[in-house]
Amino acid sequence: MIPFSDLKLQYLSIKEKIDAGIERVLASGWFILGSEVEAFEEEFAAYVGASHGIGVGSGTEALHLALMACGVGRGDEVITVSHTAVATVAAIEATGARPVFVDIDPLSYTMDPSHLEEKIGPATRVILPVHLYGQTADMDPILVLAEEHGIKVIEDAAQAHGAEYKEQKAGSMGDAGCFSFYPTKNLGAFGDAGLVVTSDPVMAERLRLLRQYGWRERYVSSIKGFNSRLDELQAAILRVKLEMLDQWNSVRREHAALYDTLLEGAAVATPVEMDSGKHCYHIYAIRSKHRDELREFLRARGVGALVHYPVPVHLQEAYGDLGYGEGTLPVTERVAAEVLTLPVAPEVTEEQIRQVCHLVREFESTRGLAR
């Protein structure tokens, strides 16, 4: 069996430090918004290159609160992509705003800036690029357009911990950057957790109010807020893992390079790392015109191959009211029909990667496929 990821194995590799962090919290008797959260907020913001970090309950809530901190509400529009986790769009709709979709670049699978300006209208308040699979969107043209039109930019960096764009860390370039620490992320908690980074002190203050009922003082709400707080246990765990993030990302990049070599000439398209940045390979996503057959072939032989994401948000039943029919985002739809993700986590071994690639070749051979 070659699992997509093995979180137990990861825990065992740093068990002593994780256990010490948990014990420290338990001994303190303080479990919500305490010293561990404050320390992690500072450490992660510094890692990203932002001035402020605001810990929240999840990556979805990070996006929701960041949008609200930008003043997004009912009647507004937020431009994003459909090839993403549904959480991106759910967060937009939670504000009462309408998501507006732009197609993706066929190589990076991120927002295509060449289609962006035509989507900007009088109700546009935020552009929300998604740094997908561990690679950033092409941020320079996005930021230029946003400045020209007086629009905020919020980065969905939920899959891009440590990824870079022109030597800038994902999350540090827009008005805010939003991160998820779902357990399978490159930097994952032991449950749900999220964080917003920003270098705008006014936005940071508003985010701190929004995450806890609008309180400046306990039980007194200065604005209408929510309950979205990063807890001390998760912060202590994330502080330990943050020390390992660059090392783990380096292993992911080595794994991706090995896949690239072993799959060269195969009847699949391997990921393209754009010249502008540094991919952190949250996911190693190949494309195959025989994706579903290949996935079942690999699964039957014990390989944890997954699909991120099989149905674009604009074609899902829940979002049919947005009015996007089949064919409206052709690149997005083509990629969603072909993409397949292979195990690339740091715990995967070189031998396992070689075995996966052998099986991909075997699948092609048995079906007489050619690239």
Side-chain angles (χ1 to χ4, degrees), residues 4 58-60 63-64 67 72 74 76-121 123-135 137-138 142 154-160 178 180 182 184 268-269 271-272 282-296 299 305-342:
F4 189 76
S58 70
T60 308
L63 289 166
H64 177 209
L67 288 163
V72 174
R74 192 165 302 280
D76 293 334
E77 293 181 349
V78 176
I79 300 175
T80 191
V81 293
S82 178
H83 187 53
T84 181
V86 73
T88 306
V89 178
I92 294 169
E93 292 215 325
T95 68
R98 175 184 173 84
V100 174
F101 296 120
V102 65
D103 215 345
I104 58 173
D105 178 84
L107 295 180
S108 70
Y109 310 146
T110 61
M111 180 178 284
D112 186 342
S114 69
H115 295 302
L116 182 55
E117 189 163 22
E118 64 195 60
K119 301 292 185 177
I120 296 174
T124 306
R125 294 291 174 268
V126 168
I127 300 171
L128 203 167
V130 178
H131 302 323
L132 198 72
Y133 298 161
Q135 179 153 243
D138 188 3
I142 293 171
I154 297 175
E155 300 170 64
D156 183 340
Q159 298 183 12
C178 299
S180 165
Y182 186 77
T184 56
V268 297
V272 176
H282 170 58
I283 284 171
Y284 186 86
I286 63 172
R287 286 172 62 186
S288 170
K289 295 186 183 300
H290 306 273
R291 188 268 309 282
D292 293 339
E293 290 178 74
L294 175 57
R295 176 181 56 177
E296 291 309 313
R299 282 183 173 179
L306 304 177
V307 176
H308 296 81
Y309 298 92
V311 182
V313 179
H314 73 283
L315 296 182
Q316 295 196 25
E317 180 181 358
Y319 297 96
D321 62 316
L322 295 176
Y324 289 82
E326 192 169 345
T328 54
L329 299 170
V331 180
T332 293
E333 292 166 31
R334 185 165 65 249
V335 169
E338 297 178 356
V339 74
L340 181 68
T341 55
L342 304 179

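Side chain of Glu338 to backbone of Glu333: no donor-acceptor contact under 3.5 angstrom is found. The main-chain N or O of Cys178 is never found under 3.5 Å from a side-chain atom of Glu155 such that the two would form a donor-acceptor pair. A donor-acceptor contact shorter than 3.5 Å links the side chain of Thr341 to the backbone of Leu306. Here the side chain of Tyr133 pairs no donor or acceptor atom with the backbone of Tyr284 at under 3.5 angstrom. Of the possible donor and acceptor atoms, none in the side chain of Thr84 sits under 3.5 Å from a partner among the backbone N and O of Val81. Within the 3.5 Å criterion, the main-chain N or O of Pro129 finds no donor-acceptor partner in the side chain of Asp156.
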Yes or no on side chain to side chain contact (heavy atoms under 4.5 Å, CB included) for Met111 and Val130, after CA distance, side-chain angles and deciding distance?
-> CA-CA 7 Å; Met111 180 178 284; Val130 178; over 6 Å; no
Kindly indicate, with the supporting measurements, whether the criterion side chain to side chain contact (heavy atoms under 4.5 Å, CB included) is fulfilled by Val78 and Val72.
-> CA-CA 8 Å; Val78 176; Val72 174; 4.0 Å; yes
What's the verdict on side chain to side chain contact (heavy atoms under 4.5 Å, CB included) for Arg295 and Val307, showing C-alpha distance, side-chain angles and the deciding distance?
-> CA-CA 9 Å; Arg295 176 181 56 177; Val307 176; 3.3 Å; yes
Given the rule in the side chain to side chain contact (heavy atoms under 4.5 Å, CB included) test, do Asp105 and Asp138 qualify, once you have shown the distances and angles that lead to the verdict?
-> CA-CA 9 Å; Asp105 178 84; Asp138 188 3; over 6 Å; no
Step by step, would you call Gln159 with His131 a side chain to side chain donor-acceptor pair (under 3.5 Å)?
-> CA-CA 7 Å; Gln159 298 183 12; His131 302 323; over 6 Å; no
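For the residue pair Thr332 / Asp103, a side-chain donor-acceptor distance below 3.5 Å is found, with atom types taken as modelled. At a cut-off of 3.5 Å, with distance as the only test, no side-chain donor of His308 or Tyr109 sits close to an acceptor on the other residue.
In this structure, the separation between CG on Leu329 and NE2 on His115 is 9.5 Å, given to the nearest 0.5 Å. Between the CG atom of Leu315 and the OH atom of Tyr324 there is a distance of 11.5 Å, given to the nearest 0.5 Å. Interatomic distance, Ile286 CD1 to Leu340 CG, rounded to the nearest 0.5 Å: 5.0 Å. Between atom CD1 of residue Ile127 and atom CD1 of residue Ile120 there is a gap of 4.5 Å, rounded to the nearest 0.5 Å. Atoms CG and CD, from Leu67 and Glu93 in turn, are 12.0 Å apart once rounded to the nearest 0.5 Å. Remark: Leu342 CG to Phe4 CZ distance equals 8.0 Å, nearest 0.5 Å.
Using a 4.0 Å cut-off between charged side-chain N and carboxylate O, Arg125 and Glu77 make no salt bridge.
Looking at Leu128 and Ile92, their side chains come closer than 4.5 Å, going by heavy atoms from C-beta outward. Considering only heavy atoms from C-beta on, Leu322 stays 4.5 Å or farther from His314 through its side chain. At a threshold of 4.5 Å between non-hydrogen side-chain atoms, the residues Val86 and Tyr319 count as touching. Counting only heavy atoms from C-beta outward, the side chains of Ile104 and Asp112 never approach each other to under 4.5 Å.
In terms of heavy-atom proximity, Pro271 sits nearest to Ala285 at CG-O, 3.2 Å. Closest approach of Val89 to Pro99, counting heavy atoms only: CG1-CG, 3.7 Å. The two atoms that bring Ala137 and Thr110 nearest to each other are CA-OG1, 3.5 Å, heavy atoms only.
The environment of Glu118 atom CD is dense: over 12 non-hydrogen atoms of other residues, nucleotides or ligands sit within 6.0 angstrom.
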